[in-house]
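Structure first, commentary second.
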Amino acid sequence: MTKPFQYIFILFVFLFSSIDAQKKSFQIAFLADVHFQDLYGDFSDNEFKGVENSKTKQKTVLRTMDSQLRSTRIFNENYFAFLAALEDVAKKGIKIVALPGDYTDDGQEYNLRGLRKILHEYQEKYGMRFFITTGNHDPVSPFRKDGGKSDFLGEKGSPLNVFSEKSLVKNNSQETVITKDIAMSGYLEILNSLKDFGFTPNEKDLFWQTPFDDVSYQNYTFKNALKSSEYSQRMYEVSPGFMVPDFTYVVEPVEGIWLLAIDGNTYLPKDNNGNSKDPDNFHGASVGYNNVLSNKKHLIDWIKNISKEAEKNKKVLIAFTHYPMLDYNDGASDDLKNLLGERKWQLERVPNDHVAEVFADAGLKIHFAGHMHINDTGIKKFKNGKMLVNIQVPSLAAYLPGYKILTVNSSTNFEVETVSVTKVPRFDELFPLYKKEYEVLKSQKTKDIWNIDILKTKNYHDFTLFHLKELVRLRFVPSDWPEDFIEKASQLSGEDLLFLSQNKKGSDKNSKKFKDWNFEDALLNLYQLQSADDLAKKDISEKRLSQFKILHQNFEKLNTDDAFLKQLKIFFTTLNKLSSGDPADYFKIDFKKGEVTDIK
């Protein structure tokens, strides 16, 4: 072969190998905790279509602003954020989308209908495929449960009752709408409504299996998978005499990728002698994986087998569920317990250390979760050389709204990018309705009325930040923080805190730099960092972050018996840990090297 032909041959080999390498990269979008509520949905058995919006002249079924500013999630504007996120995913050309639970806000039939319609539209328009797993809000109980809310917005700006049974209405002074569509669906109803989105196999899938199906990969048939996807075939005994569903499945939607959708819900009976079909005789599932270890052992054994099958057949196994597998407080959980108490800050939801060990031993390496409405990365390495990475997907219904994109480069090399959904068309569409609500609350001289300045926000980012600020004021501070600590700390400026950390009085040339913020600002920043991790640093000045570090260092050196100063010491230790966790914005995972590193 002459040299020119050698060069051409080498060039072609290089080009084709480059193209082949590009083909190996594959992207999946993860959208968690959508908490979809159909603002423009209909009730099948009631003519109520909501209240008319003077801005759009449309009827809208929405919850009050007062209710969503006291909740860890936004109820209404996330409708528009969800559409904006889907549009963004479509523009990026991503075809596989995973929803790690809480895709509805309590699984009501009218919300399931609205969600199904939107997902079908994006499937047909963009060729996208959606894969869902269950969250504690869908379903709330393993079986259909009557329910409703007393905080929908009525025509005159006052709260409205919407319930599935009249006997559930407690405030009879409010207007009331009765509809079966507001009842909380159980597994069976969710399966019937959303079966096309992973809960049952599709003929396009190369493989699909549940923990109750032992057919091997080589012997897979769509017909057999369809049979094993039936509701009656997916039951297990959670406690003696109590049979409940488990909707876990693994699917191969494209060659080489196995998506493991884990149903992390474990509904334990309240009364072991009670009715095993009574939806009210079950505890909620919000604790997550801690109960899986004790009451869902079949799941762990099956995951071990699936992991071995994936490795044997050279498949990349990617797990997702609603619940975290690792501590998501950047090592600050014990500090928070000491400062606030065992049952505050949702600390009961933190998985114990054994959870990660069990699932890493079962073969899992990379796991996506939601539930906590935060952006975070947790990394756990084990003596046997195994490593588990838990990626917390932020909610579209809270600060800072966003989703994750996983790029699979190989079975050991991944990239994870966090996409902020901060510019949302129509996010302010409901503001005229909230204004009417505010005027009613003001006329009634309501205590702790929400801050109307939220209606001045110019984008969804600012709206969710304002939501967090009001949530801290109206809910987190009253429910989680010691009253005497907040009373003392709220009087302090940054300069005061500097003096206390140095155990001295008076001023110096550096202290004046701490004057432009106070403790309440630091408290909000604490929640911002807990919620958004690296992304929160774009909303907090570098100057202030560096001052927090100085205060942390000073308090660490401070030797004191003063109870209040000890509390401040823990506060700034927590703040420091939350601001210096593992990469959580845009990062690379290399399992060969055992590294998770930032991509700048």
Side-chain angles (χ1 to χ4, degrees), residues 324 326-353 372 374-380 390 392 468 472 476-477 479-504 510-511 513-514 517-537 539-584:
L326 285 170
D327 189 321
Y328 44 79
N329 287 319
D330 296 315
S333 289
D334 286 339
D335 300 294
L336 287 162
K337 284 178 185 178
N338 290 332
L339 181 59
L340 306 177
E342 294 272 342
R343 304 287 295 178
K344 304 296 184 179
W345 197 275
Q346 302 185 77
L347 289 170
E348 70 277 6
R349 294 184 172 190
V350 176
N352 63 51
D353 290 340
M372 300 313 301
I374 63 172
N375 177 45
D376 183 71
T377 306
I379 305 164
K380 189 82 171 179
N390 181 81
Q392 287 298 128
L468 179 62
V472 170
F476 289 154
V477 167
S479 65
D480 281 355
W481 291 82
E483 190 176 344
D484 58 339
F485 172 72
I486 289 294
E487 191 175 333
K488 289 180 184 178
S490 296
Q491 309 300 316
L492 302 174
S493 67
E495 185 178 37
D496 295 330
L497 288 162
L498 178 63
F499 295 148
L500 287 171
S501 74
Q502 295 171 331
N503 197 21
K504 70 177 187 180
N510 292 318
S511 67
K513 296 177 183 178
F514 286 69
W517 59 272
N518 57 35
F519 174 80
E520 289 184 349
D521 295 321
L523 183 60
L524 176 62
N525 295 156
L526 180 80
Y527 279 101
Q528 285 178 263
L529 290 162
Q530 189 245 354
S531 300
D533 207 290
D534 286 346
L535 297 174
K537 295 175 183 177
D539 290 332
I540 307 168
S541 70
E542 288 185 20
K543 175 187 170 185
R544 188 181 297 181
L545 289 169
S546 66
Q547 289 174 349
F548 288 159
K549 285 188 180 296
I550 292 169
L551 289 171
H552 164 63
Q553 291 163 1
N554 287 351
F555 275 114
E556 281 295 295
K557 296 172 188 174
L558 190 65
N559 189 10
T560 179
D561 292 324
D562 184 277
F564 179 60
L565 292 179
K566 284 182 177 180
Q567 287 175 311
L568 286 174
K569 182 176 182 177
I570 298 173
F571 178 88
F572 283 102
T573 296
T574 303
L575 190 52
N576 183 66
K577 287 180 179 179
L578 292 176
S579 64
S580 54
D582 294 307

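Only a predicted model underlies this, so the values are computations on that prediction, with no experimental measurement involved. Count residues from 1 along the sequence.
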Is a donor on one side and an acceptor on the other found under 3.5 Å between the side chain of [X] and the backbone of [Y]?
| X | Y | answer |
| --- | --- | --- |
| K344 | S479 | yes |
| S490 | E487 | no |
| D521 | N518 | yes |
| N338 | D334 | yes |

Problem set entry | side chain to side chain contact (heavy atoms under 4.5 Å, CB included), paired with L500, selected from L565, N554, D562 |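 Looking at L565, N554, D562, the match for L500 under the side chain to side chain contact (heavy atoms under 4.5 Å, CB included) is L565.
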Exercise. Does D353 CG have over 12 foreign heavy atoms under 6.0 Å away?
Worked result: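 No, not enclosed.
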For this session: Would you indicate whether K513, at its atom NZ, is surrounded by more than 12 heavy atoms from other residues, nucleotides or ligands within a distance under 6.0 Å?
Result: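 At most 12 heavy atoms, drawn from other residues, nucleotides or ligands, come within 6.0 Å of this atom.
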Residue pair [X] / [Y]: nearest heavy atoms and the distance that separates them:
| X | Y | result |
| --- | --- | --- |
| E495 | S511 | OE2-OG, 2.9 Å |
| Q547 | F514 | CB-CE2, 3.5 Å |
| W345 | D480 | N-OD2, 3.2 Å |
| L578 | Q530 | CD1-CB, 3.9 Å |
| A584 | T377 | CA-OG1, 3.4 Å |
| P351 | P324 | CG-O, 3.5 Å |

Exercise. Without hydrogens or angle criteria, can the side chains of T573 and D335 be said to hold a donor-acceptor pair below 3.5 Å?
Worked result: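 Checked: T573/D335 side chains show no N/O donor-acceptor pair below 3.5 Å.
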Problem set entry | side-chain contact (heavy atoms from CB on, under 4.5 Å) assessment of F548 paired with N576 | CA-CA 7 Å; F548 288 159; N576 183 66; over 6 Å; no
Exercise. Between F519 and F485, does the ring centre distance come in under 6.0 Å?
Worked result: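 Yes; F485 has its ring centre under 6.0 Å from that of F519.
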[atom2] on [Y] to [atom1] on [X], rounded to 0.5 Å:
| X | Y | atom1 | atom2 | value |
| --- | --- | --- | --- | --- |
| L545 | L575 | CG | CG | 8.0 Å |
| L535 | Q528 | CG | CD | 11.5 Å |
| L492 | W517 | CG | CH2 | 9.5 Å |
| S579 | K549 | OG | NZ | 4.5 Å |
| D539 | N525 | CG | CG | 9.5 Å |

Looking at side-chain heavy atoms only, is the closest gap between [X] and [Y] below 4.5 Å?
| X | Y | answer |
| --- | --- | --- |
| L568 | L558 | no |
| D533 | I374 | no |
| I486 | L523 | yes |

For this session: Determine the interplanar angle of the Y527 and W481 rings, folded into 0 to 90°, and report it as parallel if under 30°, tilted if 30 to 60°, perpendicular if over 60°.
Result: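 Taking W481 first and then Y527, their aromatic rings stand perpendicular (interplane angle over 60°).
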